[in-house]
*Asks:* 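One structure, as structure tokens, below. Some questions next.
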Amino acid sequence: MTDDQAPVTADALRERMRSAPVLAGPLPSFDPAGAGPEPGPLFARWLAYALDDGVPEPHVMTLSTADAGGRPSARVLMLRGVDLDRPAFDFASDTASRKGRDLADRPRAALTWYWPRHGRQIRVTGPVETLDRDAARRDFLGRREASRVAGFTGVMSAPLEGRAAYEEARRRAAGHVAAHPDDVPEGHTVYRLVADEAEFWQAAPAQGHVRLRYTRDSAAPGGWTRTLLWP
């Protein structure tokens, strides 16, 4: 499929969106009564099922942050690790990027996963910790060469003068990685979001969608309360 630059009207887009299939199924079922008292194991089961079922890139998620003025932004990135007991979720970026600057100002964020094939959505929110340089080093050096070259190419989120400037910076970065394969960019950082709320949403068009929220509560058994929400 190619983009032929043909003009598209808002009315045409609206009609196409209305006619596009959504939640067509078949979809898995979800009984919140058997979900368990803590969110970590349920997250693991849903992610494992997505991986087993061949859902494309199920570990890819949307990270939402806000800057010091409260202006939100979101971007898609990869889940780099998970601690199911807390639960906590790791992702990586550069401190100079927009998300890095946002997290320096407001160290709280939200992560969202959506798997259309299963009609499932998971959202977690909570404070964000910065892991140590050893964690950043392990993460960066465990990546493919192309990813490490990208990490040394330019300054993430900074203005780019043009494609030629990018190609030249990438050429220099490739030479640096080849000459210094153990180097890690100074700003490369692994962040960890520790969930204080987790919400699981299962589409069920015929019966009614199911929405279950976990909220961290030190006074509750297991440290969490569970609430069934109107979808």
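Treat the numbers as computed from the prediction; the structure is a model and nothing was measured. The basis for the numbers below is simple: all heavy atoms, side chains too, and nothing from hydrogens, waters or symmetry mates.
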*Asks:* With side-chain hydrogen bond (donor to acceptor under 3.5 Å, both in side chains) as the criterion, how do R75 and T65 come out once you've worked through the C-alpha distance, each side chain's angles and the decisive distance to 0.1 Å?
*Replies:* CA-CA 9 Å; R75 74 288 290 160; T65 59; 3.1 Å; yes
*Asks:* Side chains of residues 170-179: which donor-acceptor partners sit under 3.5 Å, not counting sequence neighbours?
*Replies:*
unit_1 : atom_1 : unit_2 : atom_2 : d
R170   : NH1    : Y166   : OH     : 3.4
R171   : NE     : E168   : OE1    : 3.1
R171   : NH2    : E168   : OE2    : 2.6
R172   : NH1    : E168   : OE2    : 3.3
H176   : NE2    : D183   : OD2    : 2.9

*Asks:* Could you work out, with side chain to side chain donor-acceptor pair (under 3.5 Å) as the rule, every residue matching R106, not counting sequence neighbours?
*Replies:*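 For R106 there are no side chain to side chain donor-acceptor pair (under 3.5 Å) partners, ignoring immediate neighbours.
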*Asks:* Under a 4.5 Å cut-off applied to non-hydrogen side-chain atoms, are L63 and F89 in contact?
*Replies:*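 With C-beta onward as the side chain, the pair stays apart.
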*Asks:* Does R120 use its side chain to pair, donor to acceptor, with the backbone of L47 at less than 3.5 Å?
*Replies:*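 The answer is no, because no donor-acceptor pair under 3.5 Å joins these two groups.
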*Asks:* Mind checking the CD-CG spacing from E129 to D90? Nearest 0.5 Å is all I need.
*Replies:*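 It is 9.0 Å, given to the nearest 0.5 Å.
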*Asks:* Under 4.5 Å between side-chain heavy atoms, hopping through other hydrophobics if needed: is there a path connecting Y114 to V210?
*Replies:*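 Different clusters: Y114 never reaches V210 through Ile, Leu, Val, Met, Phe, Trp or Tyr contacts under 4.5 Å.
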*Asks:* With sequence neighbours excluded, what pairs up with T95 under the side-chain contact (heavy atoms from CB on, under 4.5 Å) test?
*Replies:*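 Here the qualifying residues are T189, Y191.
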*Asks:* Kindly give the heavy-atom pair with the smallest separation between G69 and D67, and that separation in Å.
*Replies:*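 Closest approach of G69 to D67: N-OD1, 2.9 Å.
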*Asks:* Indicate the atoms forming the closest heavy-atom contact of P181 with L141, along with that distance.
*Replies:*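 That closest heavy-atom pairing would be O-CD2, 3.6 Å.
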*Asks:* Rounded at 0.5 Å granularity, tell me how far OG in S93 sits from CZ in R98.
*Replies:*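 Reported to 0.5 Å precision, the distance equals 12.5 Å.
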*Asks:* Are V155 and F152 co-members of a hydrophobic cluster defined by side-chain heavy atoms under 4.5 Å apart?
*Replies:*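 Hydrophobic grouping puts F152 apart from V155.
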*Asks:* Mind checking what makes side chain to side chain donor-acceptor pair (under 3.5 Å) contact with S64, not counting sequence neighbours?
*Replies:*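 Residues passing side chain to side chain donor-acceptor pair (under 3.5 Å) with S64: none at all.
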*Asks:* At their closest point, which heavy atom of D85 faces which heavy atom of D83, and how far apart are they?
*Replies:*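 Smallest heavy-atom distance, with atoms named: N-OD1, 3.0 Å.
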*Asks:* At what distance, to the nearest 0.5 angstrom, does CZ of F200 lie from CG of L229?
*Replies:*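 Here the rounded value is 12.5 Å.
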*Asks:* Are the side chain of H209 and the backbone N or O of A204 linked by a donor-acceptor pair below 3.5 Å?
*Replies:*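 Such a contact is found between H209 side chain and A204 backbone.
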*Asks:* For D52, what residues pass the side-chain contact (heavy atoms from CB on, under 4.5 Å) criterion, not counting sequence neighbours?
*Replies:*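 Not a single residue meets the side-chain contact (heavy atoms from CB on, under 4.5 Å) criterion with D52.
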*Asks:* I'd like to know if M61 and L131 are part of one continuous hydrophobic network [Ile/Leu/Val/Met/Phe/Trp/Tyr, side-chain heavy atoms within less than 4.5 Å].
*Replies:*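 In one cluster: no.
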*Asks:* What's the spacing between L77 CG and L111 CG if we round to 0.5 Å?
*Replies:*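 Interatomic distance, L77 CG to L111 CG, rounded to 0.5 Å: 7.5 Å.
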*Asks:* Who clusters with V194? Use side-chain heavy atoms, under 4.5 angstrom, across I, L, V, M, F, W and Y, and order the result by chain and number.
*Replies:*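 Same cluster as V194: nobody, lone residue.
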*Asks:* State which residue, out of L193, T112, D196, fulfils the side-chain contact (heavy atoms from CB on, under 4.5 Å) condition with V124.
*Replies:*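 The single option meeting the side-chain contact (heavy atoms from CB on, under 4.5 Å) with V124 is L193.
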*Asks:* Do any pairs count as a salt bridge (charged side-chain N to carboxylate O under 4.0 Å, His left out) and have a residue in residues 221-231, sequence neighbours left out, and if so which ones?
*Replies:*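 Listed once each, the pairs would be none.
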*Asks:* E199: what forms a side chain to side chain donor-acceptor pair (under 3.5 Å) with it, not counting sequence neighbours?
*Replies:*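 Scan of E199 (side chain to side chain donor-acceptor pair (under 3.5 Å), adjacent residues dropped) gives R123, R211.
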*Asks:* Determine the minimum heavy-atom distance between D94 and H188, stating which atoms define it.
*Replies:*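 Heavy atoms of D94 and H188 come nearest at OD2-N, 3.8 Å.
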*Asks:* Distance from R137 atom CZ to D182 atom CG, nearest 0.5 Å?
*Replies:*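 Between atom CZ of R137 and atom CG of D182 there are 5.5 Å.
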*Asks:* Show every donor-acceptor pair shorter than 3.5 Å between a side-chain atom in residues 12-39 and any protein atom, with sequence neighbours excluded, or say none if there are none.
*Replies:*
unit_1 : atom_1 : unit_2 : atom_2 : d
R14    : NH2    : D11    : OD1    : 2.2
E15    : OE2    : R18    : NH1    : 3.3
S19    : OG     : E15    : O      : 3.2
S19    : OG     : R16    : O      : 3.1
D31    : OD1    : A33    : N      : 3.0

*Asks:* Kindly check if the number of other-residue, nucleotide or ligand heavy atoms within 6.0 Å of CD (E186) is above 12?
*Replies:*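 Atom CD in E186 is not packed in, count stays at 12 or less.
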*Asks:* So if you build clusters from Ile, Leu, Val, Met, Phe, Trp, Tyr with side-chain heavy-atom gaps below 4.5 Å, do L42 and L79 land together?
*Replies:*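 Yes, because L42 and L79 connect within a single hydrophobic cluster, where side-chain heavy atoms sit under 4.5 Å apart.
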*Asks:* Do Y214 and F43 have side chains that approach each other closer than 4.5 Å (heavy atoms only, starting at C-beta)?
*Replies:*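 In short, these two side chains do not touch, never coming nearer than 4.5 Å.
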*Asks:* With clusters built from Ile, Leu, Val, Met, Phe, Trp and Tyr whose side-chain heavy atoms come within less than 4.5 Å, directly or transitively, what are the remaining members of the cluster of M78, listed by chain and number?
*Replies:*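 Noted: M78 shares its cluster with V60, V76.
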*Asks:* Quick one: does R133's side chain get under 4.5 Å of V184's, heavy atoms only?
*Replies:*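 Answer yes - side chains close enough.
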*Asks:* Identify the two heavy atoms, one from W113 and one from P58, that lie closest to each other, and give their separation to 0.1 Å.
*Replies:*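 Scanning both residues, the minimum pair turns out to be CD1-O, 3.4 Å.
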*Asks:* Quick one: list whatever passes side chain to side chain donor-acceptor pair (under 3.5 Å) with D53, sequence neighbours left out.
*Replies:*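 If we apply the side chain to side chain donor-acceptor pair (under 3.5 Å) test to D53, skipping adjacent residues, the hits are H118.
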*Asks:* How long is the span from the CH2 atom in W224 to the CZ atom in R216, to the nearest 0.5 Å?
*Replies:*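 CZ of R216 is found 4.0 Å from CH2 of W224.
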*Asks:* Do any pairs count as a salt bridge (charged side-chain N to carboxylate O under 4.0 Å, His left out) and have a residue in residues 141-153, sequence neighbours left out, and if so which ones?
*Replies:*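 Qualifying pairs, neighbours excluded: D139-R143.
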*Asks:* Tell me if the aromatic rings of Y49 and W115 count as close, with their centers under 6.0 Å from one another.
*Replies:*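 Judged by ring-centre distance (under 6.0 Å), Y49 and W115 do not meet the cut-off.
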*Asks:* I need the minimum non-hydrogen distance between T225 and A220, along with the two atoms involved.
*Replies:*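 It is CG2-CB, 3.7 Å.
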